[in-house]
Amino acid sequence: SYGGAYSGYGGGYGSSSSKAAPGTSTGAVPGAPKSFAPPGNGLGAALPRPVGAAGAAGSTFTYPGLGGAGLGGMWPSAEQLVAAVPVRPYEFSSQPQKAAVGDRGSFEERSGLVAKPFAIAGREAEFFLLKSALSDNEVAELVTAGSKALSALISTGQARELDPTDGRPRFAVDLAEQGIYRSSLEHVLKPLVEGALLPYVRSKFGCPGAALSSALFRRYMPEERRFVPPHYEHGAFAVCVLGLQDPAAYTGGMFVQGSGRAFLDRKFLPLGRGDVCVHRYDLHHGVDVQEGSRVELLLIIKDSAQAAKAGTSPWYLKAAEAGEASAQYAWALSLLNQNDYLGARSWLDKACAQDYPEALYLQADWAWQPPAGTGFTADTAKALQLLRRAAELGHGRSQSRLGGMLAAGIKGRVQQDSWEGKRLLRLAFEQDEPDAGFHLGQALLQEGDRDGATKLLAACAKGHPRACFQIAEMYREGQYQFSKDVPASLRYTKWAAHQGDAQAMSNLGHLLVNGMGVVRDEAKAVRLFRHAAKLGAAEGMLNYGLALLRGSGGVKVDYQEALEWAQKSAAQGHTLAHQQLPMFFNAAKNPNPPARSLPRSEDELRRLGVKDLRDLLRAEGIDFSDCVEKSDLVARAAMHLLGEEEPWDPAPEHTLLVEPPKKTRAELLKQRQQAQTVSPASGGGANSGAGQQPPQQQREQPQQQQAQQQAQ
């Protein structure tokens with residue numbers, strides 16, 4: 001299937017030209033993939049070629065980075081594996097037409113059809129692409145204002161609400177909610193939506209009452225979100241995706257997919273700057289940014305203003321009553337938004353009776369862990385039965401979840417079956433499921449199969465937080481033929497911490513507090529310990545307790561709270577926390593030391609001198625090395641000491657300061673000897689009556705003096 005995915009139209013998947021006779025072997029497979037790399041990587045000439053059984057002089061396997069004899073002893077990086085699914089553009093079969101877009105006149109319109117997965121054969125979803133519907137000024141203003149608002153939220157730890165598609169941080173900001181625009185962009189969005197896009201949607205889909213529900217500005221950047229799995233927008237009657245960038249700035253983008261075969265059916269839309277893609281709720285689509293950065297604006301449109309305000313989806317009811325399984329599932333989700341679990345469960349039962357995979361998966365999730373306050377009871381046998389049925393139907397998430405359970409086993413609930421678990425995980429991995437790549441990689445590494453590292457790297461390229469954490473540890477420890485690479489370990493640890501991985505936050509704080517590869521910053525480290533402790537990481541709890549015990553990073557000493565965090569860490573089985581509990585108990589017997597009197601207003605800070613401000617910031621463990629003027633010191637002190645929102649560590653806008661490499665004693669002595677040998681020669685030339693030193697010698701003298709001072 002991989003060979004068919006990359007082959008040309010002459011010989012596709014399952015063609016007779018790619019088959020060999022039983023019992024024979026060929027030197028080259030027709031239609032085999034020529035390059036797994038995105039445009040510009042230049043890896044096409046380094047892919048493996050099959051070797052024939054007869055007359056083969058030796059293997060020509062020269063994939064860069066793979067471990068083994070004569071192959072460099074390193075695994076491919078995540079960047080090399082990021083293009084597992086080829087970036088193939090969608091090819092429109094129909095000719096472009098002219099379409100009226102509200103009060104903006106006519107624009108070029110392209111229409112396409114995509115099959116609906118798990119639907120009745122022959123049913124297809126339609127989407128439309130409007131070329132250059134937005135002016136350059138509108139795009140520039142949307143990008144500028146949206147990026148500013150989103151960066152401000154991300155830098156303070158916000159904009160990380162969980163995406164219902166996969167339960168991971170979405171890195172987005174709402175520019176409109178329940179039909180109400182934000183004041184900062186209302187003058188741009190309202191004319192665009194009310195005057196152009198809404199009239200187009202009403203006319204195209206025959207819905208005169210269509211109204212805007214929400215506007216979501218979203219970005220896809222390194223160390224943040226890179227991938228949105230294929231899904232349906234169940235909560236939208238129609239969706240408008242506004243392209244805000246030139247496609248040359250990134251590889252990938254928005255794609256449509258008519259089945260679970262990601263390597264065969266995934267096609268990327270040519271959404272350029274100022275283009276608009278309009279589709280309904282039945283389009284199976286997603287986003288995969290393999291290189292570069294991308295921003296987009298999503299407009300969610302309901303069929304009426306009442307539905308936009310209430311957050312419901314009444315357009316599904318008629319089709320659900322008519323017996324359509326997908327509509328029954330979507331109507332159940334609409335009832336869930338109104339906290340009507342009983343009504344939602346009844347409609348889910350009807351969809352499950354028709355073997356609709358997404359309904360089976362949601363019912364299995366409820367049977368495994370019932371929602372709080374619903375009164376439902378857990379039923380492990382029912383959950384496994386529903387997951388098994390959905391996996392048999394080819395549902396990728398069900399295959400990934402059930403495979404992960406069977407591969408690892410869950411004490412008291414699921415008996416371990418490694419072979420069946422890995423089989424299901426491989427099926428899900430072929431559907432480009434990041435969770436499957438992570439669980440399969442772990443299972444293979446536990447059995448000593450180093451191919452598990454490549455599976456982890458593939459999941460890491462999709463931004464899977466646990467996979468990023470595991471890869472960071474491999475780079476840090478040099479495991480599984482990974483070279484020890486502190487900057488790479490920091491990058492993946494930071495990526496996992498951004499997505500809310502508690503253990504990664506604690507590890508990143510440990511690196512910062514000890515200055516391991518980065519500039520030492522206790523205040524930033526303690527903030528990470530606090531976040532990790534609140535998320536339930538045992539190491540984060542202990543580290544935050546130690547910070548409270550010692551007053552590190554400018555926190556107020558609190559012996560009692562420190563003991564509480566240490567006890568919570570010990571309750572989770574942390575060995576070091578058990579060993580240090582007596583120290584916490586002895587400290588808790590004493591009263592807390594009196595807190596220092598701190599300024600309570602910005603006026604009090606302004607009354608202090610520069611020296612007093614620096615002493616205050618230094619005592620509180622706050623870094624002020626980048627502050628030049630007194631106003632900078634006042635602003636830094638006000639941000640940390642007056643209860644304002646603290647910056648989230650470490651957003652891409654606030655990069656880690658990597659520590660420069662230190663020279664060894666031998667290198668310093670050699671540099672000093674070179675400086676001493678060069679210095680007399682230059683001095684003799686000056687005393688010989690040359691009159692003026694050559695320009696090259698004049699440039700070398702300051703460098704020599706600097707080298708001598710460094711050696712001393």
Side-chain angles (χ1 to χ4, degrees), residues 1-20 28-39 43-44 47-48 50 81-93 112-127 226-232 251-271 279 282-290 357-358 390-400 403 423-437 440 454-455 458-459 461-462:
S1 65
Y2 297 128
Y6 286 90
S7 63
Y9 292 100
Y13 171 68
S15 62
S16 59
S17 62
S18 63
K19 297 180 181 178
V29 179
K34 296 181 179 179
S35 175
F36 288 88
L43 296 178
L47 287 173
L81 293 175
V82 74
V85 177
V87 180
R88 292 173 300 197
Y90 182 89
E91 296 184 359
F92 293 92
S93 58
L113 295 174
V114 181
K116 300 180 183 179
F118 310 115
I120 300 175
R123 292 193 176 183
E124 295 179 320
E126 189 175 17
F127 67 92
R226 308 291 285 170
F227 178 71
V228 177
H231 65 286
Y232 295 103
T251 301
M254 180 181 177
F255 63 83
V256 294
Q257 187 173 317
S259 71
R261 302 176 300 176
F263 288 86
L264 298 176
D265 293 338
R266 182 170 295 178
K267 303 295 179 60
F268 289 79
L269 299 183
L271 193 65
H279 63 86
D282 56 354
L283 182 69
H284 200 231
H285 68 285
V287 177
D288 185 8
V289 179
Q290 299 180 357
E358 294 190 14
E392 291 173 353
L393 294 171
H395 190 244
R397 291 183 66 188
S398 299
Q399 292 172 344
S400 175
R423 185 187 73 85
L424 290 172
L425 289 174
R426 291 185 188 278
L427 291 174
F429 184 73
E430 291 177 359
Q431 297 194 38
D432 205 27
E433 282 285 338
D435 286 335
L440 181 59
T454 63
K455 301 297 186 291
K462 301 293 183 185

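Keep in mind that this is a model prediction, so the values were computed, not measured. Counting from 1, the numbers follow the sequence of the chain as shown.
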(request) Look up atom CG in D435 and atom CZ in F429, then write down how far apart they are to the nearest 0.5 Å. (result) 12.0 Å

(request) Report the distance from atom CD of E358 to atom NE2 of H395, rounding to the nearest 0.5 Å. (result) 5.0 Å

(request) Starting from the C-alpha separation in whole Å, work towards a yes-or-no answer on side chain to side chain contact (heavy atoms under 4.5 Å, CB included) for H279 and H285. (result) CA-CA 10 Å; H279 63 86; H285 68 285; 3.6 Å; yes

(request) Look at the rings of F255 and F227 and say which category their plane angle falls in: under 30° parallel, 30 to 60° tilted, over 60° perpendicular. (result) parallel

(request) Please examine the side chains of D288 and K462, heavy atoms only from C-beta on, and report whether any two atoms are closer than 4.5 Å. (result) yes

(message) If the condition is side chain to side chain contact (heavy atoms under 4.5 Å, CB included), which residues does A262 pass it with, not counting sequence neighbours?
(response) V85, Q257, R266, D432

(request) Considering non-hydrogen atoms only, spot the tightest contact between P357 and F118 and give its length. (result) CG-CD2, 3.4 Å

(request) Working to the nearest 0.5 Å, report the span between OG of S400 and CG of L424. (result) 9.5 Å

(message) Could you tell me if the side chain of E126 sits less than 4.5 Å from the side chain of E124, heavy atoms only?
(response) no

(message) Run the ring pair (Phe, Tyr, Trp, His ring centres under 6.0 Å) test on Y90 and F127 for me, step by step, so that the C-alpha distance in whole Å, both residues' side-chain angles and the decisive distance to 0.1 Å come before the verdict.
(response) CA-CA 12 Å; Y90 182 89; F127 67 92; 5.2 Å; yes

(message) Restricting to non-hydrogen atoms, name the atom on H284 and the atom on P117 that form the minimum distance, rounded to 0.1 Å.
(response) ND1-CG, 3.4 Å

(request) Grab the two heavy atoms, one from P434 and one from A459, that are nearest each other, plus how far apart they are. (result) O-CB, 3.4 Å

(message) Run D265 and S259 through side chain to side chain donor-acceptor pair (under 3.5 Å) and show every step you take.
(response) CA-CA 7 Å; D265 293 338; S259 71; 2.3 Å; yes

(request) Check for a donor-acceptor pair, side chain of R426 on one end and backbone N or O of L440 on the other, with a separation under 3.5 Å. (result) no

(message) Tell me the closest heavy-atom pair linking Q399 and A428, and the distance in Å.
(response) OE1-N, 3.4 Å

(message) Just to verify, what does H231 make a side-chain hydrogen bond (donor to acceptor under 3.5 Å, both in side chains) with, not counting sequence neighbours?
(response) E233

(request) Nearest 0.5 Å please: distance from the CZ atom of R261 over to the CD atom of E430. (result) 11.5 Å

(request) Could you grab the distance from atom CZ of F268 to atom CE of M254, nearest 0.5 Å is fine? (result) 11.5 Å

